[in-house]
Amino acid sequence: MRSNRYDTDRFLRVLLAMVFTVSLASANGADNSWRLVWSDEFDGTRLDYTKWAVEENAHGGGNGEEQFFVDRPENVRVENGNLVLEARKEQFESSGQLRQYTSGRIRTKHRADWKYGRVEVRAKLPTGRGLWPAIWMLPTHEHYGSWAASGEIDIMELIGHEPNTVHGTLHYGSKWPHNVHTGKPFVLSSGTFADDFHVFALEWEQSAIRWSVDGALYQTQTDWRSDGGPFPAPFDQPFYLILNVSVGGQWPGPPDAKTVFPQRMLVDYIRVYQRSP
């Protein structure tokens, strides 16, 4: 017969192994219940148009932004294993619209969308007053009404004059201008998000949405609403991904004399996971 001490020691070893496994999974940004369902590693020489559409417009995103989003290699390209979205200070005119800055914006709309999952993006961000890089999601169909009654999920936003801080935000409730938003910032302990690559992750489940940076959880939201339907509306519908670098706008304000151009958001990879059935 084995002694009680043997059983206790074995139990402690098993418990420590379980703790180590969970800790390792957390450090790697995913546990064994997540399976990869979509990704872009940007290892080629050009953007994969089966996964992405490039937007072209000078609408300012409804935020008074000053850029013209353009589909050309100067603003959107793949090189050295990275997606490059580049903001440039230059006069650009098209379709009767004239802007003093150009930049890039891509999206997976009509190519890929997801209802619930984990999104990981490893990226290096631009810096300087007036810069506004974002990684975010919009609903494929406005099932609950126009923005923001059908929701918006901001995985990461940064305003360039606060280069050590990113924001994770939900927009929901009523149609504009009666919508609301909730969220929190994450501040680096040292350095800026322009110094090196960081992993921005979102875990989106039926009753909870979580944000992390480099595996460190910094926010969980469990309370939202929509005039168009009961909880968990509006975040119970398929959403697609958007990445862009805006210039100016109501939140960051315009660039100033110290803002250096061009500025780039570099994206090493994007990976989307969903729970195993």
Side-chain angles (χ1 to χ4, degrees), residues 45-79 82-113 123 125-142 145-154 156-161 169 171 174-179 181 239-267:
T45 58
R46 61 190 297 273
L47 190 69
D48 187 345
Y49 285 91
T50 67
K51 295 180 178 180
W52 300 101
V54 181
E55 293 192 48
E56 287 197 294
N57 67 70
H59 303 322
N63 304 301
E65 300 159 24
E66 300 178 34
Q67 79 286 323
F68 206 126
F69 288 127
V70 188
D71 183 3
R72 58 176 189 165
E74 291 92 332
N75 301 105
V76 181
R77 62 185 180 274
V78 173
E79 64 180 16
N82 295 310
L83 167 70
V84 181
L85 298 180
E86 182 170 308
R88 303 168 64 92
K89 186 177 182 180
E90 59 181 343
Q91 192 172 89
F92 188 88
E93 183 175 8
S94 180
S95 303
Q97 299 292 321
L98 177 66
R99 295 290 183 270
Q100 302 304 313
Y101 303 93
T102 61
S103 193
R105 172 164 160 160
I106 64 173
R107 64 185 185 181
T108 65
K109 188 176 184 180
H110 303 313
R111 288 160 171 81
D113 58 11
L125 307 181
T127 184
R129 184 170 293 276
L131 274 299
W132 186 0
I135 303 166
W136 53 301
M137 304 181 79
L138 282 176
T140 303
H141 306 287
E142 293 187 328
S146 60
W147 192 87
S150 290
E152 174 183 321
I153 303 171
D154 296 327
M156 184 287 304
E157 293 181 285
L158 176 143
I159 51 176
H161 61 277
T169 309
H171 297 260
S174 305
K175 299 177 183 179
W176 183 87
H178 304 295
N179 53 289
H181 65 272
F239 278 60
Y240 63 91
L241 270 169
I242 307 166
L243 287 83
N244 61 260
V245 177
S246 296
V247 181
Q250 298 165 1
W251 190 13
D256 61 18
K258 296 181 180 179
T259 306
V260 176
F261 286 92
Q263 287 286 331
R264 304 175 184 92
M265 177 162 69
L266 305 180
V267 180

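Everything quoted here is computed from the prediction, not taken from an experiment. Numbering starts at 1 and runs along the sequence shown.
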Counting C-beta onward and ignoring hydrogens, is there a side-chain heavy-atom pair between Leu125 and Met156 closer than 4.5 Å?
yes
I'd like to check Val78 versus Arg46 (side-chain heavy atoms, cut-off strictly below 4.5 Å). Are they in contact?
no
So, for Arg99 and Glu66, which heavy atoms are closest and what is the spacing to 0.1 Å?
CD-O, 3.5 Å
Straight-line distance of Tyr240 OH to Lys109 NZ, nearest 0.5 Å
4.0 Å
Spell out, as yes or no, whether a donor-acceptor pair under 3.5 Å connects the side chain of Arg111 to the backbone of Trp52.
yes
With side chains defined as the heavy atoms from C-beta onward, is the minimum distance between Glu55 and Arg107 less than 4.5 Å?
yes
Just checking Gln91: does its CD atom have more than 12 heavy atoms from other residues, nucleotides or ligands closer to it than 6.0 angstrom?
no
Any chance NZ of Lys51 has more than 12 other-residue heavy atoms, nucleotides or ligands included, within less than 6.0 Å?
yes
How long is the straight-line distance from CD of Glu86 back to CE of Met265, given to the nearest 0.5 Å?
12.5 Å
Does any non-hydrogen side-chain atom of Val267 lie less than 4.5 Å from one of Ile135?
no
Out of curiosity, Ile242 CD1 to Ile153 CD1, how far, rounded to the nearest 0.5 Å?
11.0 Å
For Gly248 versus Glu65, what's the shortest heavy-atom pair and its separation?
O-CG, 3.9 Å
Flag the pair Lys89 / Thr259 as yes when at least one side-chain heavy-atom distance between them is below 4.5 Å, and no otherwise.
no
Atom CD of Glu90 and atom OH of Tyr101: how far apart are they, to the nearest 0.5 Å?
11.5 Å
Intermediate values then yes/no, side-chain hydrogen bond (donor to acceptor under 3.5 Å, both in side chains), Asn244 and Trp136:
CA-CA 9 Å; Asn244 61 260; Trp136 53 301; 2.8 Å; yes
Could you tell me if the side chain of Trp132 sits less than 4.5 Å from the side chain of Pro126, heavy atoms only?
no
Over all atoms of both residues, closest heavy-atom pair of Phe92 and Arg72:
CE1-NH1, 4.2 Å
Using every non-hydrogen atom in the two residues, find where Asn179 and Ser174 come nearest and quote the distance to one decimal.
CB-O, 3.2 Å
Indicate the atoms forming the closest heavy-atom contact of Ala134 with Glu157, along with that distance.
CB-CG, 4.0 Å
Please say which of Val247, Val245, Thr127 ends up in a side chain to side chain contact (heavy atoms under 4.5 Å, CB included) with Gln263.
Thr127
Quick one: does Asn82's side chain have a donor or acceptor within less than 3.5 Å of a partner on Val84's backbone?
no
Heavy atoms from other residues, nucleotides or ligands near NZ of Lys175 exceed 12 (cutoff 6.0 Å)
no
Flag yes if more than 12 heavy atoms outside Trp251 fall under 6.0 Å of its CH2 atom; otherwise flag no.
yes
Can you tell me how far the CG atom of Asn75 sits from the CZ atom of Arg264, to the nearest 0.5 Å?
11.0 Å
Arg77 and Glu74 have their tightest heavy-atom pair at NH1-O, 3.2 Å
Residues in side-chain hydrogen bond (donor to acceptor under 3.5 Å, both in side chains) contact with Thr50, at least two apart in sequence or another chain
Asp48
Is any side-chain heavy atom of Val54 closer than 4.5 Å to a side-chain heavy atom of Tyr49?
yes
Supply the atom-to-atom distance Gln97 CD to Glu56 CD, rounded to the nearest 0.5 angstrom.
13.0 Å
Flag side-chain contact, heavy atom, 4.5 Å: Phe261 against Leu131
yes
